[in-house]
Amino acid sequence: MEEADEMVTPGEVLGKATDLKAGKGAYAASHNNTIYASLTGFRRIQAPPPASHDKRPTVEVTGHKAHGPVPEPGLVVIARVTKVMARTASTDIMCVGPKSVREKFTGIIRQQDVRATEIDKVDMHLSFRPGDIVRAVVLSLGDARAYYLSTAKNELGVVSAESSAGATMVPISWTEMQCPLTGQIELRKVAKVVN
């Protein structure tokens, strides 16, 4: 049994995780046991293989065009900061894992998701600036078609930033980056370098 269904968009409910398994282009949200679409395409339900112990059919979303990688909860992304406000930073997601995206995906880093400690003392303007490149993990599909991102781990945060003099800054601590030309220090939520 393989049924092609209606067209769906990211964030649309595909069914309950008790009745279906999430396949490609879909993910299960553990907080409400619901399966959602993570891309635009056609909803398909496939019967489980005869030898499978799990008798739930698999629901997947197959793209209506060739899709590149799609952000999903738990995956690490690289994003460029576009706007910083008092409680959030907006980003354009450029890569999911090692692959660059083909479509535009927007990410939002909320104040409570910047770091794991002293969440109430986070100043968004001292953590990120427009143009910064950040490594973050996808938390969930948020509202208005934007993904909620988190930098609340040591290896997540700003990986590349440009100083006002136009040079690529060098990280000197967890919270500071320095311009190699002027020696000026700027505050950021710096990602620990992972070898």
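Atoms considered below: every heavy atom in the structure, side chains included; atoms not considered: hydrogens, waters and symmetry mates. Everything numeric here is computed off the predicted structure, so don't read it as measured data.
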If we ignore hydrogens and angles and just use 3.5 Å, is the side chain of [X] paired with the main-chain N or O of [Y] as donor and acceptor?
X	Y	value
Thr175	Lys189	no
Glu12	Thr9	yes
Arg115	Thr117	yes
Thr91	Gly107	yes
Ser52	Lys55	no

Review point. Within 45° of the ring axis of Tyr148 and under 6.0 Å from its six-membered ring centre, is that where the NZ or CZ of Arg110 lies?
Key: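 Ring-cation test returns yes.
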
Does any non-hydrogen side-chain atom of [Y] lie less than 4.5 Å from one of [X]?
X	Y	result
Thr18	Arg56	no
Met169	Gln178	no
Val134	Val81	yes
Asp113	Thr151	no
Val138	Leu149	yes
Met7	Thr40	yes
Glu60	Gln46	yes
Ile109	Val114	yes

Taking every non-hydrogen atom, the tightest pair across [X] and [Y]:
X	Y	answer
Pro130	Thr82	CB-O, 3.9 Å
Ala22	Thr58	C-CG2, 4.3 Å
Pro71	Val96	N-CG2, 3.7 Å
Met124	Ala89	CE-N, 3.5 Å
Pro69	Lys99	CG-CB, 3.5 Å
Ser163	Cys179	OG-SG, 3.2 Å

Q: List the steps and the verdict of side chain to side chain contact (heavy atoms under 4.5 Å, CB included) for Val59 and Arg43.
A: CA-CA 7 Å; Val59 62; Arg43 176 180 178 264; 3.9 Å; yes

Would you compute the distance between atom [atom1] of [X] and atom [atom2] of [Y] and round it to the nearest 0.5 angstrom?
X	Y	atom1	atom2	result
Leu20	Ile45	CG	CD1	5.5 Å
Phe105	Met94	CZ	CE	14.0 Å
Ile93	Ser100	CD1	OG	13.0 Å
Ser150	Ile108	OG	CD1	14.0 Å
Asp120	Gln111	CG	CD	8.5 Å
Leu181	Ser164	CG	OG	10.0 Å

For atom NZ of Lys104, decide whether the heavy atoms of other residues, nucleotides or ligands shown that lie under 6.0 angstrom number more than 12.
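Counting other residues, nucleotides and ligands, NZ of Lys104 stays at 12 neighbours or fewer.
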
*asked:* Taking the basic N atoms (NZ, or NE/NH1/NH2) and the acidic carboxylate oxygens, is any pair closer than 4.0 Å for Arg80 and Asp132?
replied: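 A salt bridge is absent here (no side-chain N lies under 4.0 Å from a carboxylate O).
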
Is it true that Arg129 and Glu186 make a salt bridge, defined as a side-chain N closer than 4.0 Å to a carboxylate O?
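Result for this pair is yes, salt bridge flagged.
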
**OP:** Please lay out, stage by stage, how Asp54 and Lys21 fare under the test side chain to side chain contact (heavy atoms under 4.5 Å, CB included).
**Re:** CA-CA 9 Å; Asp54 191 341; Lys21 279 193 309 190; 3.2 Å; yes

Single-linkage hydrophobic cluster [X]~[Y], side-chain heavy atoms < 4.5 angstrom:
X	Y	answer
Val137	Tyr147	no
Tyr27	Val101	yes
Leu187	Val122	no
Leu126	Ile172	no
Leu141	Leu14	yes

- request: Take Lys24 and Thr62 through the side chain to side chain contact (heavy atoms under 4.5 Å, CB included) test and state the conclusion after the steps.
  value: CA-CA 7 Å; Lys24 286 183 180 168; Thr62 52; over 6 Å; no

*Take Ser90 and Met85, measure what side chain to side chain contact (heavy atoms under 4.5 Å, CB included) needs, and give me the verdict at the end.*
CA-CA 8 Å; Ser90 298; Met85 290 158 287; 3.7 Å; yes

> With a 3.5 Å cut-off and no angle check, do the side chains of Thr34 and Lys16 form a donor-acceptor pair?
Replying inline: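 Note: Thr34 and Lys16 side chains meet the donor-acceptor criterion.
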
